[in-house]
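Since the structure comes first, as structure tokens, the remarks are kept for the end.
Chain letters run A, B, ... following the sequence lines, proteins first and then strands; every chain starts at 1.
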Amino acid sequence: MSADARALSVEGLYKSFDQLEVLRGIDLEVREHEVVCLIGASGSGKSTFLRCINLLEPIDAGRILIEGEEITAQGVDVNRIRQHIGIVFQAFNLFPHMTVMRNVTLGPTEALGMRRRDAAGRATELLERFGLAEKRDDYPDRLSGGQQQRVAIVRALAMKPDVMLLDEVTSALDPELVAEVLNVIRELAAGGMTMVIATHEMGFARDIAHRVCFLDEGVILEEGAPEQIFSSPREERTQRFLQSIIDAGRM
Amino acid sequence: MSGPPPPPDVDQYQAGVPSGDRGSKILAPLRTEGARGVAIAVVSTIVFFGVIVFAVVNSSGWPLIKEAFFDPEIFAEAFPKIVEKFWRNVFIFVTAEVFVLIVAMIVAVLRSLRGAVFFPLRALAAAYTDLFRAIPTILVIFLLGFGAPALQIKGVPRSDVFWAIVALALVYSAYVAEVYRAGIESVHPSQVASARALGLSRRKTLRFVVLPQAVRRVIPPLLNDFIGLQKDSALVVVLGYQEALRTAQIIQSENFDFTPYVALALVYVVITIPQARFVDWLVERDRKRRQAAVGV
């Protein structure tokens, strides 16, 4: 695959909840191995956008393509599509009635049809890589927030996704637990994982992103390299948003 | 390995779900008060109940009450006979319970299906639960127990036990279906989203993620309905079937004494309490397992 092959294309995406227009024409192209960070105020549509990419929300208009295949076409097998897209949620959403191991192997065994032993092997490898090997037989309630979120990332990785979508994965964490999760994401980026990351961590976005998109009222108002967006934003709304982050002492 | 975090105070599984009567709640305050508290509790209990027993036994009506309800000779005669026939009740309610567990689950799942195409199934499930929760159990037993055999259609069983089981299973499946449904709806949508995001089908999401959590949460209210069903197995008496209540009735009329009823009441109490404790143990075991760090 060439370096500029498109992993994900979004064309003219619209999405409303009843009267509320959340996404009003989003266009985005993500190349393979690219890390794109979505920034913007709460309610700007970041989470909805990610959920649409994973077909968790039906879209009103537009097209989404993964590796060149239109996933929003009629009659597409959504279960097969989702196997190629990993998503990690703000609130972890681990399965509380299953051990860490089973959380990680459920997808591979039941969605991919892997043998349990093979899935366990893959899970063990991933858990070891992210320092969670000792937790394999624990239930999620016993883990810290940071550990739970790392398990959630491993659970998504166990499906060997083409693209990872991260939805404010550190927003529900105590400040001292944020770093361990961000380090995992850095490692993924270093390993060439294609990622779309909605985040409030501006410093992290500046470090990790190849490209930053500022979402405002359901559209990508401005996008560019992190240096440009964070140091010389062109749009007035982007400037105001970043100023409010600086004022809050968050950057 | 680093120290595990303290277990959370709020049990997420139990939140919002009645946990059933727990014997341990009565004893709980004693644990904080220590040995002196226990001693005080023992003395005050003996004094309190001693006074009540003394007052009752010395009241003018006591000999009459004792003879009519607590006659030792009649009890000794009636109890083994009642227990022997109570096995028939046990057969009726255990068989009914097995069907209830299965039928109610099917009804609850049908009712939670989404999508326009499933409307007829949803409507059917809703109509069924509405209907059988509305009709008095005894009426259903009359209708099926007398009505079905009276049809004399070939192939339709005529056994009153068969129809009693069908009637109880129909009525209680309606209740239990609602219990299951409450459990299914209590599983947070984010759990479904996580499972679907992994590429699991609706069916597998239900099977691996929703139902296991739903069933765990509804075990205590499920027991409530099972105790109700066990007690209602006595309604079969109206079909003239000789089960425990009918046996008690016969002994009562032979002696003009109500002790056999008290004996039967005792049987029901004795079978119910262990079930309540068993459910407590089950819930507690599940809670501990999820919160216990393995290998620490």
Side-chain angles (χ1 to χ4, degrees), chain A residues 50-51 53-57 77-113 131 133-148 152 155-156 158-159 161 165 167 177, chain B residues 1-17 114-116 183-184 186-219 282-283 285-296:
Chain A
L50 293 182
R51 292 174 67 91
I53 297 174
N54 201 20
L55 304 178
L56 286 173
E57 300 288 352
D77 177 2
V78 293
N79 297 327
R80 183 178 56 81
I81 298 301
R82 290 192 182 117
Q83 290 161 14
H84 299 286
I85 311 170
I87 187 164
V88 182
F89 303 95
Q90 184 176 343
F92 331 139
N93 300 358
L94 294 176
F95 306 124
H97 60 300
M98 294 178 183
T99 61
V100 164
M101 191 61 169
R102 188 70 184 127
N103 264 277
V104 178
T105 56
L106 182 72
T109 55
E110 299 308 327
L112 301 180
E134 287 181 340
K135 304 292 180 190
R136 51 175 285 164
D137 296 322
D138 279 353
Y139 285 81
D141 284 0
R142 287 295 295 190
L143 307 184
S144 71
Q147 289 166 341
Q148 288 191 50
R155 180 174 69 176
M159 299 294 290
L165 310 173
D167 185 7
L177 302 176
Chain B
M1 120 176 232
S2 63
D9 286 331
V10 180
D11 188 337
Q12 288 176 2
Y13 266 73
Q14 292 305 309
V17 175
R114 296 280 158 257
I184 289 171
S186 77
V187 176
H188 198 272
S190 64
Q191 287 286 306
V192 176
S194 288
R196 297 305 306 277
L198 287 172
L200 263 65
S201 62
R202 276 177 201 282
R203 181 191 292 254
K204 287 193 168 175
T205 298
L206 195 66
R207 178 173 150 205
F208 291 104
V209 174
V210 177
L211 292 183
Q213 296 187 61
V215 169
R216 276 177 176 80
R217 284 179 204 183
V218 300
I219 286 174
L282 218 58
V283 169
R285 190 192 63 163
D286 186 51
R287 190 184 66 79
K288 278 199 181 128
R289 199 181 57 164
R290 282 181 301 108
Q291 292 179 353
V294 175
V296 171

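- In plain terms, the two heavy atoms of A:E110 and B:K204 that are nearest each other are O-NZ, 2.9 Å.
- Here the closest heavy-atom approach between residue A:N79 and residue B:R196 is recorded as OD1-NH2, 3.2 Å.
- Put simply, CG on A:D141 and CZ on B:R289 are 11.5 Å apart, with the number rounded to the nearest 0.5 Å.
- For chain B, no part of A:R80 is nearby; none of its heavy atoms comes within less than 4.5 Å.
- The main-chain N or O of B:L200 is never found under 3.5 Å from a side-chain atom of A:Q83 such that the two would form a donor-acceptor pair.
- When all heavy atoms are compared, the tightest approach of A:F89 to B:A197 is CZ-CB, 4.3 Å.
- Heavy atoms only, all atoms of each residue included: B:Q213 and A:P96 are closest at OE1-CG, 3.3 Å.
- No part of A:V88 comes within reach of chain B, as not one of its non-hydrogen atoms sits under 4.5 angstrom from that chain.
- Chain B forms more heavy-atom pairs under 4.5 Å with one residue of A:L56, A:N93, A:I81 than with any other, namely A:N93.
- For a residue to count as touching a neighbouring chain, one of its non-hydrogen atoms must lie under 4.5 Å from one of that chain's; by this rule A:I85 touches chain B with the backbone only.
- The contact between A:L94 and chain B is made entirely by backbone atoms, counting heavy-atom distances below 4.5 Å.
- In this structure, A:R136 has no side-chain hydrogen bond (donor to acceptor under 3.5 Å, both in side chains) partners at least two apart in sequence or on a different chain.
- Nearest approach of A:H97 to B:F208, heavy atoms of both residues: NE2-O, 2.8 Å.
- If you measure heavy-atom distances from A:L106 to chain B, the contacts under 4.5 Å come from both the backbone and the side chain.
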